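Take a look at the structure below.
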Amino acid sequence: MANKVSNKVVVIGTGAVGVSYAYAALNQGTVDELVLIDINQKRVEAEAYDLSHGVFNGPTSTVVKAGTYADCADADIVTICAGVPQKPGETRLQLIDNNLNVFSKIVGEVVKTGFKGVFLLAANPVDVLSYATYKFSGFPRERVIGSGTVLDTARLCDELSKEFNVAPQSINAFMVGEHGDSILAAWSSATVAGQSVKAYFDAQPNGKERMEQIRYDVMRAAYKIIEGKGATYYGIGMGLARITRAILRNERAILPVSALVEGEYGEHDVFIGTPAVIGSSGIVRIIEQPLDAEEKQKFADSANILRGYQEKVHEYLK
Ligand code: NAD
């Protein structure tokens with residue numbers, strides 16, 4: 001990677017999420033070469049052709065093409081968005097059996113090329129599939145990043161931005177835990193310009209209920225969007241593009257992702273949503289959120305649920 005004058009990102013799975021990510025990355029102008037791979041060859045060629053016509057009016061002269069696994073050999077990031085999406089009412093964890101199969105094949109193909117970059121994962125259940133990618137690839141933990149709670153945190157900050165009438169980027173708050181039903185808001189460490197968000201709600205007669213309502217709305221957002229239009233993709237596309245920018249520019253930005261925790265939060269051997277410092281090597285370090293006793297318990301419960309599903313990865317590998 002050190003001698004390369006340009007960077008390269010390969011996107012595997014160019015359905016709604018993969019293409020939204022590609023489009024967002026193209027508009028942010030951080031990627032020099034963007035390669036798309038999908039089992040639907042006709043579709044992926046059409047997507048690459050269409051996206052390449054956006055370059056002229058975009059910020060940089062990104063090369064966009066449909067490619068093959070051989071393109072992964074010198075890629076900086078391989079982002080996997082392939083997989084079966086949720087149907088209305090279905091939980092993310094219910095997708096595991098189908099998507100484990102898809103992932104074992106894809107990760108195997110990528111590793112065979114000698115890929116030395118960072119895996120970025122979006123397919124659901126993203127925490128468990130990040131663990132699967134870590135196990136299937138044999139990569140060190142810093143080079144496997146799940147999108148984790150990047151989207152949920154964006155949703156939380158969007159909600160809070162209305163409450164405080166400030167830009168979402170000016171809010172320092174994180175959703176942590178599973179990207180799924182056991183997710184929690186790290187209220188006790190959330191701040192707006194140094195002011196405690198929890199203290200603000202605690203000062204209101206129905207503050208506790210309002211905080212729970214916000215967490216619930218964030219957790220249910222995907223279900224609501226899927227009911228209305230079948231799938232969610234723009235929000236996650238922007239989230240993946242943000243993580244991509246942090247890696248390619250070695251930003252060392254603190255972003256919410258799914259990372260393997262080994263001792264942080266008192267947990268071991270589980271991919272789970274947490275803020276982490278992101279740079280060119282992937283996860284530079286995990287930033288453990290200060291949690292109160294109730295949040296600690298919820299985080300531990302979420303980790304236990306995920307570890308239970310990770311057993312399916314162990315069974316698959318037998
Ligand atoms: P989609 O059905 O629109 O696209 C999936 C794509 O994967 C299709 O183009 C399909 O041809 C391709 N594909 C399937 N098997 C493949 C293989 N073996 N190799 C290459 N390509 C393959 O689905 P979508 O709406 O884009 O969702 C994709 C995944 O992203 C789902 O698992 C969904 O749950 C997840 N998702 C995650 C988040 C998040 O926050 N992490 C948000 C939204 C969706």
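Side chains are part of it too, since the values below use all heavy atoms of this structure and drop only hydrogens, waters and symmetry mates. Counting convention: from 1, in listed order, for ligands and their atoms alike. It should be emphasised that the depicted structure is a prediction, and the values quoted were computed from it without experimental measurement.
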Ignoring hydrogens and angles, state whether a donor on the side chain of [X] or [Y] is under 3.5 Å from an acceptor on the partner side chain.
| X | Y | answer |
| --- | --- | --- |
| D181 | Y223 | yes |
| S302 | E178 | no |
| E209 | Q213 | no |
| Y316 | D97 | no |
| S188 | E295 | yes |

[X] N/O under 3.5 Å from ligand 1 N/O:
| X | result |
| --- | --- |
| H179 | yes |
| Y69 | no |
| A123 | no |

Give a yes or no on this: more than 12 heavy atoms of other residues, nucleotides or ligands lie within 6.0 Å of atom OH of Y23.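 Count not over threshold, so no.
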May I ask you to list the atoms of ligand 1 that are less than 4.0 angstrom from any heavy atom of [X]?
| X | result |
| --- | --- |
| C81 | 28 (C), 29 (C) |
| S147 | 39 (C), 41 (N) |
| L151 | 40 (O) |
| I236 | 38 (C), 39 (C), 40 (O), 41 (N), 42 (C), 43 (C) |
| N99 | 32 (O) |
| V102 | 15 (N), 18 (N) |

Under 4.0 Å, heavy-atom basis, I'd like to know which part of I37 is in contact with ligand 1: side chain, backbone, both or neither. neither
Under-4.0 Å heavy-atom contact with ligand 1, by part of D38 that carries it: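 Both backbone and side chain.
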Give me the ring orientation class for [X] and [Y]: parallel if the planes are under 30° apart, tilted from 30 to 60°, perpendicular past 60°.
| X | Y | value |
| --- | --- | --- |
| H314 | Y131 | perpendicular |
| F201 | W187 | perpendicular |
| Y200 | F164 | tilted |

With a 4.0 Å cut-off on N to O distance, would you call K65 and D71 a salt bridge?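 Judged by the 4.0 Å cut-off on N to carboxylate O distance, K65 and D71 do form a salt bridge.
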Provide, to 0.1 Å, the distance between [atom] and the closest protein heavy atom, together with that atom's residue and name.
| atom | answer |
| --- | --- |
| atom 4 (O) of ligand 1 | G15 CA, 3.2 Å |
| atom 5 (C) of ligand 1 | G83 O, 3.4 Å |
| atom 3 (O) of ligand 1 | A16 N, 3.0 Å |
| atom 37 (C) of ligand 1 | A122 O, 3.0 Å |
| atom 15 (N) of ligand 1 | I39 CD1, 3.5 Å |
| atom 43 (C) of ligand 1 | T232 OG1, 3.2 Å |
| atom 36 (N) of ligand 1 | N124 ND2, 3.4 Å |
| atom 26 (O) of ligand 1 | V17 N, 2.8 Å |

F115 six-ring face occupied by K112 cation (under 6.0 Å, within 45°): no
Are any side-chain N or O atoms of T14 and backbone N or O atoms of V44, one a donor and one an acceptor, separated by less than 3.5 Å? no
